[in-house]
Amino acid sequence: MSASIPASTSSAFLPLPPAKDIPVTFTASLKSWWAAGDKQGNASEERLLRRLPFFQPERMASSTNDSPVIALRERVQLAAPKHFLNTLSIKSTNPSPTAPPPAVVLHGYGAGLGFFFRNFPALAQWAGHRGTDVFAVDWLGMGRSARVPFTIKAKRDDISGRVNEAESFFVESLEEWRIKMGLEKMTLIGHSLGAYFSAVYALRYPTRVHKLILLSPAGVPHDPNNLTAPSRELTDEGDSRSTISASHSAVAASTAGVSKIREEQKAIKEKESRSRRLLTYLWEEGWSPFQVVRSTLFWSPMLVGKYSSRRFSGLTEEETRDMHDYILNITLSKGSGEYCISHILAPYAHARMPLVDRIAALKLPVTFIYGEHDWMDPQGGLQSLENLRKAGNYRSRMYNIPYAGHHVYLDNPTAVNELLVAELDDAGEQLYLFAASRS
């Protein structure tokens with residue numbers, strides 16, 4: 001790409017204290033719990049974003065460098081009082097009249113836009129080259145967006161009513177955000193539950209979506225024997241090889257490749273310990289894991305630390321420490337959107353209204369991406385592709401990412417970034433044919 005991004009200017013920023021070590025003692029955990037709050041949450045997000053050479057903190061004067069993009073954070077106010085969506089805007093400094101639709105990155109359950117810090121540089125390079133924009137948004141009630149009350153009026157046995165209300169909480173706020181930002185059309189890049197909501201948004205507002213890119217999407221299959229195991233989010237480890245073997249690119253998904261992933265999932269599920277079965281049961285019954293963590297009070301930073309240090313072991317020590325502080329502050333924020341889980345997902349973590357039964361209505365390109373060691377069942381992706389093609393949509397495809405689990409974008413960012421840019425450039429067909437030759 002011709003547009004180059006200058007070296008980081010973070011040294012010119014106002015001082016920001018480094019994140020403290022992940023607590024391993026009660027005293028350290030207590031101090032970490034006491035310090036948590038909106039101010040600390042803001043700092044934890046900014047630490048991740050300061051890795052971007054084009055990021056401009058709100059309190060700093062406008063940069064005069066010749067970067068093709070500039071990134072800013074803002075709280076986009078919605079119509080309802082105290083409703084806002086935390087937004088990172090990566091804007092081209094030289095917009096093109098023939099620019100492709102902007103990309104909007106949407107995180108998964110209980111996460112936040114900071115999780116994509118290893119993907120923003122490649123997306124920004126694409127935006128600068130094409131003269132377009134990239135946005136990352138925290139869903140309402142999650143991340144650092146407004147933590148407003150989440151309530152469902154539908155009765156327990158009114159499944160469609162409950163699902164519709166839960167989906168509307170997120171999808172309608174995204175539509176309001178789109179209008180406020182003045183966007184005509186978007187490519188949505190969603191992860192996990194964020195991918196599910198992205199697909200639901202496309203079903204409701206198909207004229208506003210250029211393309212869907214679904215990273216390890218939740219809520220796709222409806223197989224009662226599906227192998228999705230949410231408890232693995234708490235027990236899986238990051239693959240350190242991803243930082244060494246970053247050249248391992250995406251491969252086109254095949255029946256054999258999906259079978260291999262499912263065989264691994266089956267073997268792991270059969271070995272679940274009693275404690276892991278309890279974790280799965282609590283998740284599947286709608287308990288918020290964040291609510292459980294918050295209830296431990298002073299011990300919560302240590303609990304989050306065990307997850308952070310295990311799951312993100314493929315990151316550098318500093319990145320893991322910064323991610324821990326970011327996750328901790330998100331987790332300890334007031335419960336809100338997280339309570340959607342029991343309304344969207346039925347027991348055994350499959351959707352009450354699976355996407356595989358709905359997605360064929362889409363006439364736009366849909367790309368499914370799963371990790372080689374994913375805990376989301378990829379069979380739903382293959383079935384969705386079949387349903388789309390039966391409906392006449394041949395512009396959809398599916399990939400597997402080697403050396404990656406559920407957080408594919410963090411585990412093997414090089415492969416995912418290469419794939420994202422190709423899809424955003426509408427060069428996905430050529431890449432798919434090349435990836436198919438490697439599968």
Q: Please report the C-alpha distance between Gln125 and Asn417 in whole Å, then the side-chain angles of each, then the deciding distance to 0.1 Å, and finally whether the side-chain hydrogen bond (donor to acceptor under 3.5 Å, both in side chains) criterion is met.
A: CA-CA 11 Å; Gln125 194 87 359; Asn417 291 342; over 6 Å; no
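- Aromatic rings of His407 and Tyr409 (six-membered ring for Trp) have centroids within the 6.0 Å cut-off, being under it.
- A search for side-chain hydrogen bond (donor to acceptor under 3.5 Å, both in side chains) contacts involving Glu175 returns Arg178, Tyr201, not counting sequence neighbours.
- Salt bridge status for Glu423 with Arg397: present, with a side-chain N to carboxylate O gap under 4.0 Å.
- The two residues Ser173 and Leu85 come nearest to each other via the heavy atoms O-CD1, 3.7 Å.
- For the side-chain hydrogen bond (donor to acceptor under 3.5 Å, both in side chains) test, residues two or more places apart in sequence or in another chain that qualify with Arg75 are Asp38.
- Salt bridge status for Lys91 with Glu74: absent, with no side-chain N to carboxylate O gap under 4.0 Å.
- For Phe170, the ring-ring contact (aromatic ring centres under 6.0 Å, His included) partners are Phe197, not counting sequence neighbours.
- With sequence neighbours excluded, the residues forming a salt bridge (charged side-chain N to carboxylate O under 4.0 Å, His left out) with Glu318 are Arg51, listed by chain and number.
- In this structure, the side-chain hydrogen bond (donor to acceptor under 3.5 Å, both in side chains) partners of Arg162, at least two apart in sequence or on a different chain, are His343.
- Looking at every heavy atom in both residues, Leu106 comes nearest to Leu188 through CD1-CD2, 4.1 Å.
- Here the shortest heavy-atom pairing between Leu328 and Ser32 reads CD2-OG, 3.1 Å.
- Between Asn387 and Val356 the shortest heavy-atom distance is ND2-O, 2.9 Å.
- Under the side-chain hydrogen bond (donor to acceptor under 3.5 Å, both in side chains) criterion, Glu176 pairs with no residue at all, not counting sequence neighbours.
- Of all non-hydrogen atoms in Phe169 and Leu140, the two that sit nearest each other are CE2-O, 3.3 Å.
- Shortest non-hydrogen contact noted between His107 and Val137 is CD2-O, 3.5 Å.
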